[in-house]
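As the structure is a computational prediction, the values presented were derived from the model and not from experiment. Note that ligands are numbered from 1 as they come in the structure, with each ligand's atoms numbered from 1 the same way. All residue numbers in this chain count up from 1 along the given sequence.
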Amino acid sequence: MDRWQGIASTTSGKSLKLCIIKEEMNNQKSYKLAVLPGDGIGPEVMASALGVLDAVGDHYNLNFELQTELVGGASLDQCGDPITDEVLDICKGSDAVLLGAVGGSKWDNFSQEKKPEKGLLRLRESLGLFSNLRPATIYAPLADASSLKRDVIIGSDVMVVRELTGGIYFGEPRGHDDQGGFNTLRYKKYEVERIAKVAFELARKRNGHVTSVDKANVLDSSQFWRNVVHEVHQDYKDVPLSDMYVDNAAMQLVRDPKQFDVIVTQNMFGDILSDITAMITGSLGMLPSASVGENHAMYEPVHGTAPEIAGQNKANPIAMIGSVAMMLEITMNLPRAARQLNAAIESVLETGYRTMDIETSDSIIVSTSEMRDHIIQAFEKRVGQVVSETSYELVKEKG
Ligand code: IPM
Ligand code: MN
């Protein structure tokens, strides 16, 4: 469970000094990244994320070998497939995958197998990315950008842990003709066990609690889910666990999100609940995500392709940049860099800069690339400050 270590240190702040010293002294590290911009606003937000990554690499002495490839509609148009085996292999051979977004109305009438979304699903499945972490962090300056009241959202901090490679998304048999359609919702024990462990580990490190969301009053698969989660809980008795039906959870998330800490749930419920959670933060354009398995990890914003603003330099790059922060923390084990990047985002929002999706009164509307540049500047300023703090600590340590 070592790979979850990084996440914890963001909140705990313990052993920060040790961490700083280690990070400063490291020689240059090199990472292979598969970059899949995808469709719609995907390429724009990806360009911003790569700009930010460049700045982070400079300051942390990291080298990124980027390989840009097609996925989704872009891949359908050029290769006739939403993702090719070759691209899947490249992703498997990388330290991490960065993904923008996939989909668009142009491909709506394609068969299920040939929809852009299938590219993303195949990636998740073939890389074994069973746990999807979707943290909804409230940036105080954005409290008024949410459609929910300030008092309701301030202080909330929800982490949705979505099962990502099972359930109704992947269940067989499935199919439809002109008379009917069907899917299969099935969970195996090991699938529920491993995602439950991730949720409990995370909650433990956050000093929080777990809400397991299901529909056990109706679905057999959910009764099974609930039983297994409780079995796994025997090893995590220090972490409070409660169960909630998904309809109630949707309602409670908008009524009082502060009651939640870690939510763990099946693939489809997680898809729906994480969009609701995103609105707490003000915009779907704010929510980053990490999809992690035993051997691979992929980082992508939760938002879609937003075709209505694609190509106009108007999209909010913060969810994509936040996904880079998650990569720094989880794949590269650089929690401090991740914190600095998130702090840079917050300080830019404090200054009043907003992309149009998070406009509030008195805000200054900026484009995607302007937002990127402000975040890079804020990051560089912050790194400069911390570097001097670090030297101070090094001196103190020696003396
Ligand atoms: C998400 C998206 C995807 C999903 C689509 C694009 C396949 O909505 O990541 O939440 O349903 O998982
Ligand atoms: Mn979704």
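- Annotation: Glu117 places no N or O atom under 3.5 Å from an N or O atom of ligand 1; distance criterion only.
- Within the 4.0 Å heavy-atom shell around ligand 1 one finds Arg162.
- Using cut-offs of 30° and 60° on the angle between ring planes, the pair Tyr236 and Phe200 is parallel.
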*Test log, rule side-chain contact (heavy atoms from CB on, under 4.5 Å), inputs Leu133 and Met326*: CA-CA 9 Å; Leu133 314 181; Met326 292 189 86; 4.1 Å; yes
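- Side-chain heavy atoms closer than 4.5 Å link hydrophobic residues (I, L, V, M, F, W, Y) into clusters, and following such links, even through other members, never connects Tyr169 to Tyr190.
- Close N/O approach between Arg124 and ligand 1 is found [any backbone or side-chain N/O within under 3.5 Å].
- Between Glu300 and Arg124 there is a salt bridge, since at least one side-chain N of the basic residue sits less than 4.0 Å from a carboxylate O of the acidic one.
- When the options Lys115, His303, Arg134 are ranked by their closest heavy atom to atom 1 (C) of ligand 1, first place goes to Arg134.
- The shell of residues lying under 4.0 angstrom from ligand 1, judged by heavy atoms, excludes Val302.
- Protein heavy atom at the shortest distance from atom 8 (O) of ligand 1 is Asp271 OD1, 3.3 Å.
- Heavy-atom contacts of Tyr169 reach the following atoms of ligand 1: 4 (C), 11 (O), 12 (O) (cutoff under 4.0 Å).
- Screening Lys29, Gln28, Gln340 against Tyr60 for a side chain to side chain donor-acceptor pair (under 3.5 Å) leaves a single residue, Gln340.
- Ring orientation note: the planes of Tyr187 and Trp225 are nearly perpendicular, at an angle over 60° on the 30°/60° scale.
- Gln252 and Tyr245 are not linked by any side-chain donor-acceptor pair at a separation below 3.5 angstrom, with hydrogens and angles left out of the test.
- Among the atoms of Asp275, no N, O or S atom falls under 2.8 Å of the Mn ion (ligand 2).
- No other N/O/S atom of Asp271 lies as close to the Mn ion (ligand 2) as OD1 does.
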